[in-house]
Protein chains: 2
Amino acid sequence: MLISEFAKATGLTLDTIRFYIAKGLLKPDRSPKGGSNQYRLFKPEDVTTARMIRLQQTLGFTLAEILALNDEYRAGEHSSERTIEVLQLQIERLQQRKYALEVALSFLQRKVDWVKSGKAGPAPQMEDDRR
Amino acid sequence: MLISEFAKATGLTLDTIRFYIAKGLLKPDRSPKGGSNQYRLFKPEDVTTARMIRLQQTLGFTLAEILALNDEYRAGEHSSERTIEVLQLQIERLQQRKYALEVALSFLQRKVDWVKSGKAGPAPQMEDDRR
DNA sequence: CTTGACCCTGGAGTGCACTCCACGCTTATG
DNA sequence: CATAAGCGTGGAGTGCACTCCAGGGTCAAG
């Protein structure tokens with residue numbers, strides 16, 4: 001698929017896609033078409049990659065962090081063991097975010113309860129979560 | 001508490017704290033001390049606010065988004081109903097992130113299973129989650 | 001009353017993640 | 001075969017979230 005089609009499939013702009021390629025986050029093939037400046041050719045799996053990048057971004061990871069894992073994934077692609085290891089790392093990273101999320105949600109819920117109770121007792125606080 | 005003490009309690013630098021104040025994310029009182037440039041005085045609840053800001057940031061919210069909700073919260077502080085409404089809004093926002101997180105986690109888990117199965121069948125894909 | 005620690009206010013600079021040209025080549029369409 | 005639509009490559013510019021001075025006032029200890 002050509003870049004504009006890829007843009008539609010992912011919701012990214014052409015500029016953003018090219019930016020990601022320059023950063024090494026996406027590595028599309030080159031079509032023989034386009035003469036000296038060959039066209040880029042995207043595979044369906046690149047769409048999945050792009051969606052994963054966006055998702056991770058909304059979860060507060062930087063492109064550098066995302067790239068690091070991406071590269072490691074690619075490096076161990078031939079070994080199933082290594083692939084699973086990297087995937088597991090990724091899962092752990094997301095589960096840490098999930099934990100932070102739950103801390104925040106619990107705090108807010110406690111606060112709602114506190115307000116509903118007519119602000120009885122001390123206002124809910126948040127633990128010093130510096131890990 | 002004075003700004004450097006507040007810095008220790010929150011793990012933020014002095015510059016970052018002042019930056020947040022300039023943005024309106026924190027509104028400490030002023031001490032009579034300090035002459036023409038009065039010292040800032042932080043309350044324990046400001047520590048909770050700061051921690052919440054940092055948490056929301058790691059979840060990918062911008063300071064502008066955080067500020068908007070903060071302001072709304074302050075605006076309706078006298079009314080318990082409004083307070084709960086804003087809190088509920090915040091909770092919904094975080095639950096959306098949680099959903100995104102679960103989409104990502106499920107994808108990764110499916111991928112692990114797929115690799116473990118010797119890559120039987122099609123590679124797991126991610127839904128077009130553009131909401 | 002000096003000295004060092006701590007506070008204040010601008011304002012400039014940095015890194016990240018885009019975003020926006022300008023220019024030029026290639027391909028599809030009438 | 002002209003011409004518009006699409007692709008490519010630099011490179012400059014933008015907004016956000018800090019970060020780093022410079023210059024100057026205040027306070028506690030000796």
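Computation of the quantities below employed the complete heavy-atom set of this structure, encompassing side-chain atoms and omitting hydrogens, waters and symmetry-equivalent molecules. Every chain is numbered from 1 and lettered A, B, ... according to where its sequence line falls, protein lines coming before strand lines.
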### Task
Identify whether B/L69 and B/L63 are in the same connected component of the hydrophobic contact network (ILVMFWY, side-chain heavy atoms under 4.5 Å).
yes
### Rounded interatomic separation in angstrom, taking CD1 from A/I21 and C1' from D/dG10
15 Å
### Message
Against the six-membered ring of A/F61, is A/R97 placed for a cation-pi contact (under 6.0 Å from the centre, within 45° of the normal)?
### Response
yes
### Task
Taking only Lys NZ, Arg NE, NH1 and NH2, and the carboxylate oxygens of Asp or Glu, determine whether A/E77 and A/R74 approach each other closer than 4.0 Å.
no
### Message
What is the separation between atom CD on B/E5 and atom P on C/dA5, rounded to the nearest whole Å?
### Response
18 Å
### Query
What is the distance from CG of A/L14 to P of D/dG8, rounded to the nearest Å?
9 Å
### Phosphate contact (D/dC7 OP1 or OP2) by A/R40 side-chain N/O below 4.0 Å
no
#### Entry: Euclidean distance, atom CZ of residue A/F42 to atom P of D/dG6 [Å, nearest integer]
16 Å
#### Entry: Rounded distance (Å) that lies between atom C1' of D/dC7 and atom CD1 of A/I17
12 Å
Which side-chain N or O atoms in residues 39-46 of chain B pair as donor and acceptor under 3.5 Å with protein atoms at least two apart or in another chain?
unit_1: B/D46; atom_1: OD2; unit_2: B/K43; atom_2: N; d: 2.8

### Query
Between B/E65 and B/R93, does at least one N-O distance fall below 4.0 Å, as a salt bridge requires?
no
### Task
Answer yes or no: does a side-chain N or O of B/R18 lie under 4.0 Å from OP1 or OP2 of C/dT9?
no
### Summary
Per-nucleotide protein contact along nucleotides 14-30 of chain C, 5' to 3', at a 4.0 Å heavy-atom cut-off (B base, S sugar-phosphate only, - neither), is ---BBBB-----BSS--
### Task
Measure across B/A50 and B/L12 and return the closest heavy-atom pair with its distance rounded to 0.1 Å.
CB-CD1, 4.2 Å
## Note on the structure
note: B/L41, atom CG; C/dC6, atom P; distance rounded to Å ~ 16 Å
